[in-house]
Chemist: 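Before we start, here is the structure in question, set down as structure tokens.
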Number of protein chains: 2
Amino acid sequence: MNLRLKRMAKPTRQYHHGNLRSALIEAAIPLLEAQGPGALSLREVAKAAGVSHAAPYRHFADKTALLEEIAARGYDTLTQACHKAQKRYVDDPAQQLVEAGIGYLLFVVEQPRVAHLMFGGMIALDACGEVLQQSSATAFKSLVDIVDGGVKAGVFRTAPAQELTLAAWSMVHGLANLIASGMLTGIADNRREVRRLGRQLAETLLHGMLANDKRT
Amino acid sequence: MNLRLKRMAKPTRQYHHGNLRSALIEAAIPLLEAQGPGALSLREVAKAAGVSHAAPYRHFADKTALLEEIAARGYDTLTQACHKAQKRYVDDPAQQLVEAGIGYLLFVVEQPRVAHLMFGGMIALDACGEVLQQSSATAFKSLVDIVDGGVKAGVFRTAPAQELTLAAWSMVHGLANLIASGMLTGIADNRREVRRLGRQLAETLLHGMLANDKRT
DNA sequence: AGCCAATGTTGACAATGACAACTTAGAGGA
DNA sequence: TCCTCTAAGTTGTCATTGTCAACATTGGCT
């Protein structure tokens, strides 16, 4: 009884947190976005979550493990963006591609530091855990699916298997990185501008750079 | 005379190193490529250069300052790749673009960790020093020049000022990042494969993704 | 010859990642 | 109902690291 009272009175002060794992991740993201991945300290995350400095080690083997988890969640978001685009524009692969790309970009604008975590190599590529590898592979695959659909529907030109996918992925990934790195400050600051940019580049990607009279 | 003898006898043991600044940078790059940017310690770099742990502070205000310098040199390399391509294929903007892009990619394959430093946001975007900002802007500008040349020559289609440049930059930058992140392991492992990939994507960039009968 | 400013060195401190030893509490069996 | 076992948190500690301050060295300039 006494226990229950205590629990109701100050639920945040329980010895056992409940689901510290998620709490740590959610505490970490704002800090990450505020100070950048290099400056993020595990102890600070612990403090933000209201636990002692060593508590995280009960849930993450490593500082890297926490970061990997955050990155993996980022990839999951991208995967979902692809799926959403596919469902929304059935039978219009070009539009699917544009929408998925824009989803990709919007995510990066809102969580640039998380994006850096995903793409920036802070996490050793070779040594990255299975979770991350799985998530990133899945994200890639959902983009491949869209492009594949377009090729099979005859909307995209026929080309060596991955060629088109890689081109599409490279472009959206590149633009995302440029935005996340702040190289496009002034051009892509808010969601509206990013949408416009995304559509613009998609146009170029679909129709090419060459002048009409120079096309083969 | 005595001095000269001493200098010849043990040149590495001089109290004054001579040009420690460069030596530190050159010592840092292999370490960086070996262990990744996160694991790089300034003390380790100092030891590799044969000086004490605080010596670097006579040449770099900060650990970040050293990293920025390395990144800046990377951008300079990219700039040179652009210029080289322009000189080599005068009057063929498309080929200039392809060559510059391949140069970009080759650099990234050989120094992926340096590339991460340049693109990955380890260095705070807003707080990055002038040197870095200057170098990256210059690199961008040399790419813009190539595309501009193509537009003016009527080879590329006319489009809002930066649109084409941004598309080209995004694609090459994206592919470079994918390679550097190790996401294309097995597809782009050596220079030859990277060249092939670069040419392939350039093809798609120039001609577009759409099937012939779908073009406007 | 002698001074001085640039360049290196040693020593110290706080922050951090990581581990070990100890504590708590809540779930499930006797 | 009570007991115990273990997952989850805590405190303490250590090595590493970035950074600064105080001291040492030396080569060039007067």
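Atom set for the values below is all heavy atoms of this structure, side chains included, hydrogens, waters and symmetry mates excluded. Reminder, nothing fancy here: chain letters follow the sequence lines and each chain counts from 1.
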Chemist: Report the distance from atom OG of B:S135 to atom CD of B:E69, rounding to the nearest 0.5 Å.
Modeler: 8.5 Å

Chemist: Could you state the atom-to-atom distance from CG of B:L20 to P of C:dT9 in whole Å?
Modeler: 8 Å

Chemist: Is B:H59 near enough to C:dG8 that one of its side-chain N or O atoms lies under 4.0 angstrom from OP1 or OP2?
Modeler: yes

Chemist: Does B:K84 use its side chain to pair, donor to acceptor, with the backbone of B:E99 at less than 3.5 Å?
Modeler: no

Chemist: Are more than 12 heavy atoms from other residues, nucleotides or ligands located less than 6.0 Å from atom CD of A:Q35?
Modeler: yes

Chemist: In whole Å, what is the span from the CG atom of B:L66 to the C1' atom of D:dT17?
Modeler: 15 Å

Chemist: Provide, to the nearest angstrom, the distance between the CZ atom belonging to B:R58 and the P atom belonging to D:dT19.
Modeler: 15 Å

Chemist: List in chain and number order the residues that pass side chain to side chain contact (heavy atoms under 4.5 Å, CB included) with A:E33, two or more places apart in sequence or in another chain; answer none if no residue qualifies.
Modeler: A:I29, A:Q111, A:P112, A:R113, A:V114

Chemist: To the nearest Å, give me how far apart NZ (B:K47) and P (C:dT9) are.
Modeler: 13 Å

Chemist: Show each protein N/O and nucleotides 15-17 of chain C N/O combination with a separation under 3.5 Å, one pair to a line.
Modeler:
from, atom 1, to, atom 2, distance (Å)
C:dG17, OP1, A:L42, N, 3.1
C:dG17, OP1, A:K63, NZ, 3.0
C:dG17, OP2, A:L42, N, 2.9
C:dG17, OP2, A:R43, N, 3.4
C:dG17, N7, A:R43, NH1, 2.4
C:dG17, O6, A:R43, NH1, 3.0

Chemist: With DNA chain C as reference, determine whether B:H53 or B:N19 sits nearer its 5' end, using the nearest nucleotide of each.
Modeler: B:N19

Chemist: Has A:S136 got a side-chain atom pairing as donor or acceptor with A:Q133's backbone, closer than 3.5 angstrom?
Modeler: yes

Chemist: Could you tell me how the ring of B:H173 sits relative to the ring of B:F119: parallel (under 30°), tilted (30 to 60°) or perpendicular (over 60°)?
Modeler: perpendicular

